[in-house]
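Written below as C-alpha cells is the structure these notes are about.
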Amino acid sequence: MADILAICDKEPVFVQILADYLRKKFKTELEVQAFDHADKLLTMAEEKQPVLCLVGEGMLDSFQLQRLLECVENLIYLSAKKRRDMVFKYQSVERITGDLLQICDERNISVLKNTDFLAKRQNMKIIAFHAPAHHILQSTLALTMGQMIAREKKVLYLNFEPYSAFDYLLQRTYEHDLMDIFFFLQEERAKFRLKVESMLEHIGNLDYIPPVFCYPDMEDIDASLWQRLLQRIIDEMDYDVLVLDLTEHTRGLFSMLEMCDEIYACLPDDGIALAKAEQYERLLVHMKKESILAHTRKSIVPVFHDIPLSNAMFTHGELIRYIKELHGEISDLQVQEEEG
C-alpha cells in the first residue's frame with residue numbers, strides 16, 4: 001500500500017491543481033489526498049496516518065495542530081510569502097514540488113522509501129544525439145524529439161554542451177546544474193531520487209536537469225562517474241526514456257554511447273562533415289566499437305525555413321515532421337503528431 005501525502009489549504013482550486021500534478025508525477029508511488037477543510041484532514045489523518053502533510057499556513061488552530069501532530073510525523077507548511085522551511089504557494093506546481101522535495105531532503109524525510117520503483121530496475125530506453133561534425137541544430141532536434149515522446153511517455157533530457165545557453169534561451173535562472181548531482185552520487189536510493197527531483201526543470205511535459213554552466217568543471221568527471229550517474233538514473237528513476245545531447249567535451253563519450261539503444265548522427269549537408277563522419281566510423285571499427293555503429297542512424301539535416309523561436313513550439317511544423325520521419329523508421333516508440 002502506498003504512503004499518503006495529504007494537502008490542505010483554504011483555496012480549493014489551488015489544492016486540486018497541485019494534487020492532480022503530484023498524482024501524475026508520483027503515480028502509484030504515493031497516494032495524494034486533497035482537502036480544503038482542516039476537520040476533514042484531521043479525520044483522515046487520525047484514521048490513516050499520512051507520511052507527510054502539506055498544510056496552508058493558518059489553516060490549523062492550536063488545538064487542531066496538536067491533534068494532527070499526534071498522528072502525523074512530518075508537517076510542512078504552504079505559505080503566501082517566501083519563508084525558510086516553508087513552501088511558497090504562488091509559483092508553478094513544478095517549483096512547488098521542487099521546493100517540497102528539497103525541504104524533505106533537508107529534514108531527512110524519506111517520503112518515497114516504500115515505493116515500488118525502488119525495488120525494481122526500470123526498463124528505460126536511452127536515446128542519444130551525437131555527430132562528429134556537430135550540427136548547430138543538434139540540441140533543437142534533441143529537444144524536439146524529447147518533447148514529442150514526452151506527450152505519451154515520461155522523458156528526461158540531459159544536455160552535455162559546453163555552451164547550452166539555456167538560461168538565456170528559456171529566460172530562467174537556475175540554482176543548480178548537472179554538476180551538482182555528483183555531490184550526492186553517494187547518497188542512498190531514496191535520497192538520491194529526492195535530490196534529482198528537486199533539481200528538475202520542465203519544457204512542457206519534458207523534464208530536464210539544467211546543463212553545466214562552467215564546462216571546464218566537466219573535465220574532472222571521468223568515464224566511470226558518468227556511467228555511474230546514468231546507471232543510477234536508469235535503476236532508480238521512473239523514466240521511460242532518457243535523451244542525451246552529447247558532445248566530445250564529455251569524457252568517456254564512447255562508453256556512454258555504448259549504453260544507448262538509439263543514436264542519431266544529424267549532419268550538415270557538406271563534404272567536410274561527411275568526411276568527418278567517415279573518419280569517425282573508421283575509428284569506431286578500429287577501436288572495436290562496432291556496436292555503436294549498429295545503433296546509429298546517420299541523417300543529413302535539411303534546410304528548415306520556419307524554426308519556431310520558442311522551445312515549446314518545436315513540436316509543430318517542419319521540425320516535428322523531420323523528427324517523426326527520423327525516429328519512426330528505427331524506433332518502436334509509438335508517437336503521434338499533434339494536430340493543429
Check the hydrophobic clustering (I, L, V, M, F, W, Y; side-chain heavy atoms under 4.5 Å; chains of links allowed) and say if Ile103 and Met86 are grouped together. no
Side chain to side chain contact (heavy atoms under 4.5 Å, CB included) between Asp245 and Ser164, intermediate numbers included: CA-CA 10 Å; Asp245 192 350; Ser164 69; over 6 Å; no
If you compare all heavy atoms of Lys125 against all heavy atoms of Asp261, which two are closest, and at what distance to 0.1 Å? CA-OD2, 3.4 Å
Using only atom types and a distance under 3.5 Å, with no angle test, would you say the side chain of Thr250 pairs donor to acceptor with the backbone of Leu253? no
For the atom pair CG (Asp99) and CG (Asp85), what is the distance rounded to the nearest 0.5 Å? 11.5 Å
Should we say atom CD of Glu106 is surrounded by more than 12 heavy atoms from elsewhere, each under 6.0 Å from it? yes
Could you tell me if Gln64 and Asp39 have a donor-acceptor pair between their side chains, going purely by distance under 3.5 Å? yes
Quick check: is Met179 connected to Phe184 through a chain of hydrophobic side chains (ILVMFWY, heavy atoms under 4.5 Å apart)? yes
Without swapping roles, check the side chain of Asn205 against the backbone of Arg151 for a donor-acceptor pair under 3.5 Å. no
Spell out, yes or no, whether Phe63 and Leu69 are grouped together once hydrophobic residues are joined by side-chain heavy atoms under 4.5 Å, including indirect joins. no
Minimal non-hydrogen separation, Tyr157 against Asn159, with atom names: OH-ND2, 2.8 Å
Answer yes or no: is there a side-chain heavy-atom contact under 4.5 Å between Ile234 and Ile126? yes
To the nearest 0.5 Å, what is the distance between CD1 on Ile4 and SG on Cys53? 9.5 Å
Can you tell me if Gln138 uses its side chain to pair, donor with acceptor, with the backbone of Leu246 under 3.5 Å? yes
Compare every heavy atom of Ala277 with every heavy atom of Leu267, then report the nearest pair and how far apart it is. CD1-CB, 3.8 Å
Quickly, which of Arg297, His327, His130 forms a side chain to side chain donor-acceptor pair (under 3.5 Å) with Tyr264? Name it, please. His327
Does the side chain to side chain contact (heavy atoms under 4.5 Å, CB included) test come out yes or no for Leu75 and Val55, once each step is laid out? CA-CA 7 Å; Leu75 172 64; Val55 180; 3.5 Å; yes
Does any non-hydrogen side-chain atom of Asp3 lie less than 4.5 Å from one of Leu52? no
Of the non-hydrogen atoms in Trp226 and Met256, which two are nearest, and what is the gap between them? CB-SD, 3.9 Å
Within the supplied structure, the quantity of interest is the number of heavy atoms (other residues, nucleotides, ligands) at a distance under 6.0 Å from Lys289 NZ; does it exceed 12? yes
Test item: Phe182 and Leu229 side chains (from C-beta on) under 4.5 Å apart, heavy atoms: yes
With a 4.0 Å cut-off on N to O distance, would you call Arg95 and Glu201 a salt bridge? yes
Qualifying residue, where the test is side chain to side chain contact (heavy atoms under 4.5 Å, CB included) with Leu100 and the options are Ile7, Leu78, Leu54: Leu54
Testing the basics here: between Ala142 and Val243, what is the closest heavy-atom pair and its distance to 0.1 Å? O-CG1, 4.1 Å
Evaluate the side-chain proximity of Pro211 to Leu178: yes if any heavy-atom separation is below 4.5 Å, no if none is. no
Aromatic ring proximity Phe166/Tyr174, centre distance under 6.0 Å: no
Ion pair Arg193/Asp238, N-O distance below 4.0 Å: yes
With a sphere of 6.0 Å drawn around CD of Gln279, does it hold more than 12 non-hydrogen atoms of other residues, nucleotides or ligands? no
Nearest-0.5 Å distance that lies between atom NE2 in His176 and atom NZ in Lys195: 8.0 Å
What about Tyr90 and Val93, same hydrophobic cluster or not, with Ile/Leu/Val/Met/Phe/Trp/Tyr joined at side-chain heavy-atom distances under 4.5 Å? no
When you measure from the side chain of Glu152 to the backbone N and O of Ile149, does any donor-acceptor pair fall under 3.5 Å? no
For the residue pair Pro162 and Thr247, establish whether any side-chain heavy-atom pair is separated by less than 4.5 Å. yes
Would you indicate whether Glu175, at its atom CD, is surrounded by more than 12 heavy atoms from other residues, nucleotides or ligands within a distance under 6.0 Å? no
Salt bridge between Arg321 and Glu325, side-chain N to carboxylate O under 4.0 Å? no
Would you call the rings of Tyr280 and Phe254 parallel, tilted or perpendicular if under 30° counts as parallel and over 60° as perpendicular? tilted
Check the pair Ile221, Arg251 against side chain to side chain contact (heavy atoms under 4.5 Å, CB included), reporting the backbone distance first and the verdict last. CA-CA 7 Å; Ile221 308 300; Arg251 292 176 64 185; over 6 Å; no
Can you tell me how far apart NE2 (His202) and OG1 (Thr97) are? Round to the nearest 0.5 Å. 7.0 Å
Tightest non-hydrogen contact, residues Gly98 and Ser198, listed as O-CB, 3.6 Å
I'd like to know if Val51 and Tyr77 are part of one continuous hydrophobic network [Ile/Leu/Val/Met/Phe/Trp/Tyr, side-chain heavy atoms within less than 4.5 Å]. no
Examine distances only and state if a side-chain atom of Asp167 and a backbone atom of Thr173 form a donor-acceptor pair shorter than 3.5 Å. no
Any side-chain heavy-atom pair of Gln49 and Glu73 under 4.5 Å: no
Under the side chain to side chain contact (heavy atoms under 4.5 Å, CB included) rule, what do Leu242 and Leu230 come out as? Steps first, then yes or no, please. CA-CA 9 Å; Leu242 178 62; Leu230 294 182; 4.0 Å; yes
For Phe213, does its backbone N or O pair with a side-chain atom of Asp177 as donor and acceptor, under 3.5 Å? yes
Non-hydrogen side-chain atoms of Ile96 and Phe14 separated by less than 4.5 Å: yes
What is the distance from atom CD1 of Ile181 to atom CG of Leu225, rounded to the nearest 0.5 Å? 12.0 Å
Residues forming a side chain to side chain donor-acceptor pair (under 3.5 Å) with Ser79, sequence neighbours excluded: Glu57
So how far is it from Gln33 CD to Arg23 CZ, rounded to the nearest 0.5 Å? 8.0 Å
Under 6.0 Å between ring centres: does that hold for Tyr322 and Phe304? yes
Hey, are the side chains of Glu290 and Val285 touching, using non-hydrogen atoms and a 4.5 Å cut-off? yes
